[in-house]
Protein chains: 2
Amino acid sequence: MKSKQSPSRKRPCVAEALAKEIFSGTYQPGDFVPREVDLCERFALNRSAVRSDLRQLVDAGIIERISGHGSKVREYPEWNILDAQVTEWMTRYAAPNPGVQREILAFRLDVEPYVAMTAAKHATAHDLVAIEEAFNGMGSDLDDTTVNRDGRLHSDYDIAFHVAIFKATHNIVWSQLSHILRPSILLLIETSNVSASDPAESLERHRSLMESIRARRPRDAFRASQAVLAGTASALGLEIPDTPLGYSAELLSET
Amino acid sequence: MKSKQSPSRKRPCVAEALAKEIFSGTYQPGDFVPREVDLCERFALNRSAVRSDLRQLVDAGIIERISGHGSKVREYPEWNILDAQVTEWMTRYAAPNPGVQREILAFRLDVEPYVAMTAAKHATAHDLVAIEEAFNGMGSDLDDTTVNRDGRLHSDYDIAFHVAIFKATHNIVWSQLSHILRPSILLLIETSNVSASDPAESLERHRSLMESIRARRPRDAFRASQAVLAGTASALGLEIPDTPLGYSAELLSET
DNA sequence: CGCTGGCATATGTCGAACATTTCGACAAGG
DNA sequence: CCTTGTCGAAATGTTCGACATATGCCAGCG
């Protein structure tokens with residue numbers, strides 16, 4: 001017999017549990033999380049395991065360990081939101097503050113048309129397959145239940161669609177950036193109950209984007225991506241303080 | 001008396017030492033790094049400390065730990081190059097393969113004009129101070145020795161200049177992205193022995209960019225940033241396979 | 001021939017002890 | 001009264017040794 005009371009579960013992840021509490025506001029920037037010994041007691045783990053998990057939070061820039069004093073939650077701007085694990089937690093446990101989400105959204109509105117453009121230039125047959133599969137998933141989901149059964153399936157396909165386009169750029173930076181955009185994509189989808197706007201219309205915009213990439217027409221892809229973003233954003237009555245459509249619109253019109 | 005033979009040095013960082021060997025090619029993707037026990041012996045550390053440091057490499061996506069088998073170096077595309085620590089190592093120990101550096105450079109050429117544009121819209125007085133201080137550092141360095149004494153000082157100011165512009169966007173994503181561009185900036189500066197082109201001319205381009213941001217003229221900042229990048233790139237006879245100047249040039253001309 | 005069981009190896013976890021750093025309290029001294 | 005030095009409590013950092021678990025290999029057996 002082990003000393004652990006529950007031999008079934010693999011191991012409780014202290015990092016995840018703590019991250020959940022931090023993200024939900026139980027511990028805020030400046031606060032100190034419980035001592036290592038207390039965490040050991042809470043999760044029935046050894047200090048080694050606890051410290052190992054805590055290390056992950058340190059690497060993510062979420063907490064700062066002060067020798068002999070404790071572990072302090074760092075300020076939001078210091079969090080490494082470009083870390084895939086951090087954005088994973090973001091998708092699960094809401095954003096720490098809405099401001100971050102809005103900034104990520106603004107970033108998307110700025111760059112995604114470019115990404116679509118680059119994808120149209122570099123996409124291979126393999127990339128197109130991935131894009132098309134995601135698109136078909138979105139379509140079938142809509143066909144099945146007119147809307148979507150639980151929101152999960154459709155959002156998964158939607159995310160896969162956008163991520164596939166990022167990967168089609170064949171640029172490692174863009175590809176990895178797709179991870180951090182997942183919380184934003186998910187937020188948009190969940191907030192704007194897709195049925196709010198016309199689902200078929202949204203699907204048609206996505207199709208147009210896909211076809212532009214397939215036909216290798218960068219400028220069409222650029223505009224199609226703008227349309228997709230604008231459609232989604234307006235569907236939930238969302239407005240970005242400034243640069244509503246990124247710099248692109250301005251550039252296109254002024255010149 | 002301690003059990004350690006060298007009480008002077010703080011502690012050897014296994015993660016850093018291993019990263020150096022991995023980045024320099026001693027261990028390549030697919031290879032297995034030495035066992036934990038061997039690493040303990042090599043660095044005269046305990047397994048706990050070694051494992052703690054190894055955890056950092058895992059979080060960075062550089063190695064993958066297979067229980068009961070060993071720690072394997074992951075493929076380059078799986079490395080989390082958006083991690084600040086990874087790019088820090090990149091700047092110190094050259095890139096694992098030139099392809100990654102070129103992709104990062106391509107990314108810069110694509111987005112930096114945008115960043116400059118956004119900075120011109122959102123920069124505060126505080127941001128302008130940071131930009132100006134970096135610029136003055138570049139200038140004084142050139143004035144002092146006509147070129148630069150060791151390349152370190154000038155490159156530091158150059159990096160600070162670009163980073164300050166990223167931060168001036170007041171967008172957390174752009175701000176954090178500035179970290180990953182540091183290796184690229186450093187590479188450009190070091191490769192293109194600044195004296196190769198006209199230093200004064202390069203400085204003038206930077207000044208133009210700074211002034212455009214100060215005057216809050218986004219479109220001028222956009223073009224000034226393009227000029228800076230083009231100047232640096234052409235100075236070292238560097239050519240990017242496609243999209244030499246990003247999508248921007250194409251957009252500006254066609255429309 | 002294929003499956004299965006055990007064995008070796010290396011990582012994963014555990015527990016206790018000691019070292020080091022930090023902060024705060026308290027007393028001596030200016 | 002304020003400053004300063006020292007001590008001690010508290011928490012993190014490090015070390016050691018042992019056991020648990022997962023993986024791969026190979027021999028033995030049906």
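Within every chain, numbering begins at 1; the chains are lettered A, B, ... in the order of the sequence lines, protein sequences first and strands thereafter.
Rounded to an integer number of Å, the gap from A:Lys72 NZ to D:dT12 C1' is 15 Å. Following rounding to the nearest Å, B:Phe43 (CZ) and D:dT15 (C1') show an atom-to-atom distance of 18 Å. We find that CZ of B:Arg35 is positioned 16 Å from C1' of C:dG12, with the value rounded to whole Å. If you take CG of A:Leu39 and C1' of C:dT13, they are 17 Å apart, rounded to a whole angstrom. Taking atom CG of B:Asn46 as the reference point, atom P of C:dA17 lies 17 Å away to the nearest angstrom. In this structure, the CD atom of B:Glu36 is 15 Å from the C1' atom of D:dG17, given to the nearest Å.
No donor-acceptor contact under 3.5 angstrom links the side chains of B:Asp83 and B:His179, judged on distance only.
Scanning both residues, A:Pro183 and A:Met90, for their nearest heavy atoms gives CB-CB, 4.1 Å.
Taking the six-membered ring for Trp, B:His206 and B:Phe135 have ring centres at least 6.0 Å apart.
For A:Glu103 (side chain) and B:Ile172 (main-chain N/O), a donor-acceptor pair under 3.5 Å exists by modelled atom type. Side chain of B:Asp53 to main chain of B:Val50: no donor-acceptor pair is present (N/O by atom type, distance under 3.5 Å, no hydrogens or angles). Listed for the A:Trp89 side chain is no donor-acceptor partner under 3.5 Å among the backbone atoms of A:Glu16.
Of all the residues in residues 48-58 of chain B, B:Arg51 reach under 4.0 Å from DNA chain C with at least one non-hydrogen atom. Heavy-atom distances under 4.0 Å link DNA chain C to A:Ser67, A:Gly68, A:His69 of residues 59-71 of chain A, given in residue order.
Atom CD of B:Glu41 sits in a sparse spot, with 12 or fewer heavy atoms from other residues, nucleotides or ligands closer than 6.0 Å.
One donor-acceptor pair, N or O on each side, does fall under 3.5 Å between the base of D:dG13 and the side chain of A:Arg47.
Salt bridge annotation for B:Arg42-B:Glu21: present, with a cationic side-chain nitrogen under 4.0 angstrom from a carboxylate oxygen.
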